[in-house]
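Here is how names work: the chains are called A, B, and so on, in the same order as the sequence lines, proteins then strands, and each is numbered from 1.
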Protein chains: 2
Amino acid sequence: MDQIDLKILRLLQENARIPISEIGRLINMTGPAVNERVKRLEEKGVIRSYRAILSPAKMGKAVSAFILIQAERCETFAEFCGQSPDVEELHQISGQYNFLVKVVTESMESLERFRLACSKHGFTQTMTVLSTSFDSKGIALEK
Amino acid sequence: MDQIDLKILRLLQENARIPISEIGRLINMTGPAVNERVKRLEEKGVIRSYRAILSPAKMGKAVSAFILIQAERCETFAEFCGQSPDVEELHQISGQYNFLVKVVTESMESLERFRLACSKHGFTQTMTVLSTSFDSKGIALEK
DNA sequence: CCTGAAAATAGAACCGC
DNA sequence: GCGGTTCTATTTTCAGG
């Protein structure tokens, strides 16, 4: 993993649909050479996936929140979250609480419904997102 | 925004580098028709961007954490976070704390350095991520 | 939204370093 | 190992209907 790989990763992180040949143009390499490196980065698992990032608001999801929970049965709770379409992230954390859940949902009503369902798994604390300064800035790739 | 758009979004959310023509094949439309819809979804801001998702671990970022802070000067703190390469997300939240920060960093040492810097902006509470069940599952697109 | 043709791209095979 | 060249199949793009 050298500087060239970092340049490629930076470009792909910024715009995953950029043509391989365009990357080559920007870093002075031929298409096949770039393609070779990209494939290797995918195989090594450095590149996990390529995803379109959608606007939650435009998809009818106006409310985000983080919920802390002291879940009694971790497995059960993780499964519950995995099946909920509103759960974006689920992390096990250190400290007083067991899990931190990121929820993106339609409305305050649907958030409250979810929180209620959660509270059957343990004591919860909800932090509603008032505004997001930035989200998924991406991994910093210093030159 | 109809069912066809939802199908397209689902495919792009899952694999942003899928060829437009391949999408067409999967949903029984021609390439140009799909292309037209994708461009419209981009212009409307439904599709915000396309990003390669990198593995933090493989990029030398082994430690993730969420930090809650009661920041005294919101603007100053937001600017501080914006300049840190380790801050992935920054949200203003309701409740006892002001901000929730998601940090992805090299090591416990670098996390502690960051936490120390944060504590100059207000009272903090750190929740280290022990394991992540899932991250950015993507917005649910029911058929 | 489709067709059809032109331009651009991706991917494979092969060569040289 | 690494990248370059060439070549072909595929994809994208734009015309016009």
Side-chain angles (χ1 to χ4, degrees), chain A residues 1-61 136-143, chain B residues 1-62 106 136-143:
Chain A
M1 176 112 86
D2 56 11
Q3 301 294 359
I4 298 176
D5 282 340
L6 288 179
K7 285 187 192 175
I8 293 172
L9 290 173
R10 194 172 313 123
L11 290 165
L12 282 172
Q13 193 175 232
E14 182 178 298
N15 173 20
R17 281 191 74 80
I18 185 175
I20 297 293
S21 57
E22 175 69 11
I23 297 177
R25 227 164 278 131
L26 292 169
I27 66 176
N28 296 314
M29 287 230 282
T30 60
V34 175
N35 195 44
E36 184 63 29
R37 278 173 179 267
V38 171
K39 254 202 301 203
R40 197 157 291 148
L41 289 167
E42 291 169 358
E43 282 162 10
K44 281 203 294 182
V46 176
I47 298 174
R48 242 215 287 256
S49 62
Y50 303 97
R51 315 219 2 207
I53 309 300
L54 311 184
S55 160
K58 304 260 161 107
M59 297 305 295
K61 305 237 178 176
S136 302
K137 215 169 51 173
I139 293 181
L141 303 169
E142 63 298 347
K143 182 124 54 166
Chain B
M1 178 114 87
D2 55 10
Q3 301 294 0
I4 298 177
D5 282 340
L6 288 179
K7 286 187 192 175
I8 293 172
L9 290 173
R10 195 172 311 121
L11 290 166
L12 282 173
Q13 193 174 230
E14 184 177 296
N15 173 20
R17 280 191 74 80
I18 185 176
I20 297 294
S21 57
E22 174 70 11
I23 297 177
R25 226 164 279 132
L26 292 169
I27 66 176
N28 295 315
M29 285 231 276
T30 60
V34 175
N35 194 44
E36 185 60 32
R37 279 172 178 266
V38 171
K39 261 206 280 208
R40 197 159 291 145
L41 289 166
E42 291 170 358
E43 281 161 11
K44 282 203 293 183
V46 176
I47 299 175
R48 242 216 285 259
S49 62
Y50 303 97
R51 315 218 4 200
I53 309 301
L54 311 184
S55 160
K58 303 259 161 110
M59 296 304 296
K61 304 236 179 178
E106 298 84 53
S136 302
K137 213 169 51 172
I139 294 180
L141 304 169
E142 64 295 349
K143 185 125 53 174

Would you be so kind as to tabulate the donor-acceptor pairs closer than 3.5 Å made by side chains of residues 41-50 of chain B, with sequence neighbours excluded?
residue	atom	partner	partner atom	Å
B:E42	OE2	B:Y50	OH	2.6

_Nearest listed nucleotide, side chain of A:T30, among D:dC2, D:dG4, C:dC2_ =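 Between D:dC2, D:dG4, C:dC2, the one nearest the side chain of A:T30 would be D:dG4.
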
Is [X] reaching over with its side chain to a backbone N or O of [Y], donor-acceptor style, under 3.5 angstrom?
{"X": "B:R51", "Y": "A:Q13", "answer": "yes"}
{"X": "B:R37", "Y": "B:I4", "answer": "no"}
{"X": "A:R17", "Y": "B:I18", "answer": "yes"}

Checklist entry - Can B:R40 and B:E36 be counted as an ion pair, charged N to O under 4.0 angstrom? => result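 Looking at B:E36 together with B:R40, the answer is yes, because their closest N to O distance falls below 4.0 Å.
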
Whole angstrom value for the distance that separates [atom2] of [N] from [atom1] of [X]:
{"X": "B:L26", "N": "D:dT11", "atom1": "CG", "atom2": "C1'", "value": "15 Å"}
{"X": "B:N28", "N": "C:dC1", "atom1": "CG", "atom2": "C1'", "value": "14 Å"}
{"X": "B:E36", "N": "C:dT3", "atom1": "CD", "atom2": "C1'", "value": "16 Å"}
{"X": "A:I4", "N": "D:dG3", "atom1": "CD1", "atom2": "C1'", "value": "9 Å"}

Could you list the protein-to-nucleotides 9-12 of chain C atom pairs, N/O on both sides, closer than 3.5 Å?
residue	atom	partner	partner atom	Å
C:dT9	OP2	A:R25	NH2	2.8
C:dT9	O5'	A:S21	OG	3.3
C:dA10	OP1	A:I20	N	2.9
C:dA10	OP2	A:I20	N	3.1
C:dA10	OP2	A:S21	N	2.8
C:dA10	OP2	A:S21	OG	3.4
C:dG11	OP2	A:N35	OD1	3.2
C:dA12	OP2	A:K39	NZ	3.3

Query raised in the report: C:dC1 phosphate, OP1 or OP2: any side-chain N/O from B:R37 under 4.0 angstrom?
Result: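 Checking B:R37 against C:dC1: at least one side-chain N or O falls below 4.0 Å of OP1 or OP2.
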
Using side-chain heavy atoms (C-beta onward) and a distance below 4.5 Å, is A:L11 in contact with A:I27?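 In contact.
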
